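Each remark here refers to the structure printed beneath this line.
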Number of protein chains: 2
Amino acid sequence: MSTSAPAALAWSTDNCPVGRAMDILGESGTVIVLREIFNGVRRFELMQRHSGLSRAVLSHRLALLVEHGIVQRVAYREPGDRERHEYRLTQRGFDLQPVMVALADWGGRHLSGADGPAVEVEHAGCGARAHVALVCEDGHQIDRLRDVRTRPGPGALPFTP
Amino acid sequence: MSTSAPAALAWSTDNCPVGRAMDILGESGTVIVLREIFNGVRRFELMQRHSGLSRAVLSHRLALLVEHGIVQRVAYREPGDRERHEYRLTQRGFDLQPVMVALADWGGRHLSGADGPAVEVEHAGCGARAHVALVCEDGHQIDRLRDVRTRPGPGALPFTP
DNA sequence: ACTCTACGTCTGTTTGACAGACTCAGCCAG
DNA sequence: CTGGCTGAGTCTGTCAAACAGACGTAGAGT
């Protein structure tokens with residue numbers, strides 16, 4: 001492997017998509033909240049008890065997710081109770097599913113105990129386990145991960161130290 | 001959609017793969033460090049200047065990644081210089097590529113400016129853009145994300161409040 | 001009037017991030 | 001052999017955020 005300067009150094013990280021995504025998802029608890037919502041736990045009290053997050057953090061992360069249009073706060077009313085609100089994914093939030101499945105895949109493979117993973121993802125159509133895979137727009141399945149590389153996109157900016 | 005209690009509430013989150021993954025990846029800067037290394041930036045000084053992370057955080061996150069076997073610290077020597085070290089992905093680290101690509105996909109689609117994403121991922125074989133997709137072990141491509149759901153795996157533990 | 005539940009906010013403590021200065025080891029120039 | 005240069009961290013003082021847990025509140029039921 002060459003020791004010449006990596007090409008990535010020529011490009012700014014200011015508008016890096018990974019960095020922008022992590023500005024939201026990297027806040028403590030954000031992904032845990034999303035896990036609860038993806039699993040159908042949409043109400044504050046249940047989320048708090050199930051996830052173990054502190055009430056303050058849960059409150060702040062829900063506000064952050066609403067602010068970024070990833071979840072929306074929706075009114076509901078149980079019979080004989082007053083109106084309350086729950087949190088549902090928007091399309092933007094639903095589009096995070098590959099991220100969540102990729103995390104579950106990796107965590108299940110590399111961080112599980114001897115019993116195996118605590119969660120599996122299944123294809124509702126056939127019941128088989130589902131995973132993420134890399135595919136290209138020409139329809140090739142990408143098996144060897146070294147066959148994939150990054151390149152600057154249309155929004156890339158030069159790196160200024 | 002029913003308002004009955006979500007099935008997920010019956011299961012503990014203690015050994016959740018997503019939670020375990022985020023115990024590492026959720027620390028501030030972890031994913032940024034991984035982005036640099038995936039892009040070929042493997043040396044402390046270059047990582048620090050390119051990513052903008054503080055030296056202290058970079059140092060701590062590299063130590064965390066080494067501790068969890070995601071990167072390894074490898075000696076190298078440039079001609080006419082003393083021995084130094086750089087950071088390379090292990091197999092466990094390389095297995096995070098779907099997570100990184102999923103993050104880049106989502107960030108590029110939902111958080112880019114008008115110019116489009118700053119980074120694209122390409123299939124080295126054909127040059128077309130690459131994305132993550134969901135597939136099941138029976139070989140079905142999963143197009144509608146609602147066709148996927150989670151279920152308790154062999155390591156699942158009951159939820160105890 | 002009192003209680004219950006769901007949904008937060010407040011408080012005091014402790015942990016962690018930040019910018020930037022400092023340290024250190026080895027190589028090289030003079 | 002003294003002084004400077006580079007890469008790779010560590011240290012320091014300040015400020016923001018997380019934590020556990022108590023408290024507040026709105027409306028429905030008893």
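The structure displayed is predicted, hence computed values, not measured ones. Numbered from 1 within each chain, the chains take letters A, B, ... in sequence-line order.
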Check: If you check the A:E45 side chain, which of D:dC19, D:dG9, C:dC7 turns out closest?
Finding: C:dC7
Next item on the list: Check every atom of D:dA18, C:dC7, D:dG9 against the side chain of A:R61 and return the nucleotide holding the closest atom.
Entry: D:dA18
Margin query: My understanding is that only one of A:R73, A:R43, A:R77 makes a salt bridge (Lys or Arg N to Asp or Glu O under 4.0 Å) with A:E86; could you say which?
Written below: A:R43
Note to self: Taking the cut-offs as 6.0 angstrom to the six-membered ring centre and 45 degrees off its axis, would you call B:R146 and A:F94 a cation-pi pair?
What the structure shows: yes
Next item on the list: For B:L62 and for A:E27, find the nucleotide of DNA chain D with the closest heavy atom, then tell me which residue's nucleotide is more 5'.
Entry: B:L62
Note to self: Pick the closest DNA chain C nucleotide for B:R84 and for A:R82 by heavy atoms, then say which residue is nearer the 5' end.
What the structure shows: A:R82
Item checked: Steps toward side-chain contact (heavy atoms from CB on, under 4.5 Å) verdict (B:V18, A:M100) -> CA-CA 7 Å; B:V18 175; A:M100 303 301 290; 4.2 Å; yes
Notebook entry, point to check: Do the side-chain N or O atoms of B:Y76 get closer than 4.0 angstrom to the phosphate oxygens (OP1, OP2) of D:dA8?
Noted result: yes
Next item on the list: Starting from the 5' end of DNA chain D, give me the residue, A:R77 or B:H85, whose nearest nucleotide shows up first.
Entry: B:H85
Next item on the list: Using a heavy-atom cut-off of under 4.0 Å over every strand shown, decide if A:R73 touches base, sugar-phosphate, or nothing.
Entry: sugar-phosphate
Item checked: B:L58 CG - C:dA19 P separation (whole Å) -> 13 Å
Next item on the list: Please check the phosphate of C:dG8 (OP1 and OP2 only) for any side-chain N or O of A:Y87 closer than 4.0 Å.
Entry: yes
Next item on the list: Round to a whole Å and report the spacing from CG of B:L53 to C1' of C:dA19.
Entry: 13 Å
Next item on the list: Look at the side-chain N and O atoms of B:S59 and state whether any lies under 4.0 Å from the OP1 or OP2 oxygen of D:dT10.
Entry: yes
Check: D:dA8 base to B:R55 side chain: any donor-acceptor pair below 3.5 Å?
Finding: yes
Next item on the list: May I have the distance from A:E83 (atom CD) to D:dA26 (atom P), rounded to whole angstrom?
Entry: 15 Å
Check: Of the non-hydrogen atoms in A:A118 and B:A156, which two are nearest, and what is the gap between them?
Finding: O-CB, 3.5 Å
Check: Between C:dC7 atom C1' and A:E86 atom CD, what is the distance in whole Å?
Finding: 14 Å
Notebook entry, point to check: Rounded to whole angstrom units, what separation is found between the CD atom of A:E78 and the C1' atom of D:dG27?
Noted result: 15 Å
Checklist line | Protein-nucleotide distance (B:M22, atom CE; D:dA18, atom P), rounded to Å | finding: 13 Å
Check: With respect to the phosphate group of D:dG21, does any side-chain polar atom (N or O) of A:S54 fall under 4.0 Å of OP1 or OP2?
Finding: no
Next item on the list: Kindly point out which of D:dC11, C:dG8, C:dC18 is positioned nearest to the side chain of B:A56?
Entry: D:dC11
Next item on the list: Measure the distance from NE2 on A:H60 to C1' on C:dT9 and round it to the nearest whole Å.
Entry: 9 Å
Note to self: Output the rounded distance in Å from CD1 (B:I32) to C1' (C:dA17).
What the structure shows: 15 Å
Next item on the list: In sequence, state the C-alpha distance, the side-chain angles, and the governing distance for B:E122 and A:E137, and then conclude on side-chain contact (heavy atoms from CB on, under 4.5 Å).
Entry: CA-CA 9 Å; B:E122 73 175 14; A:E137 292 182 355; over 6 Å; no
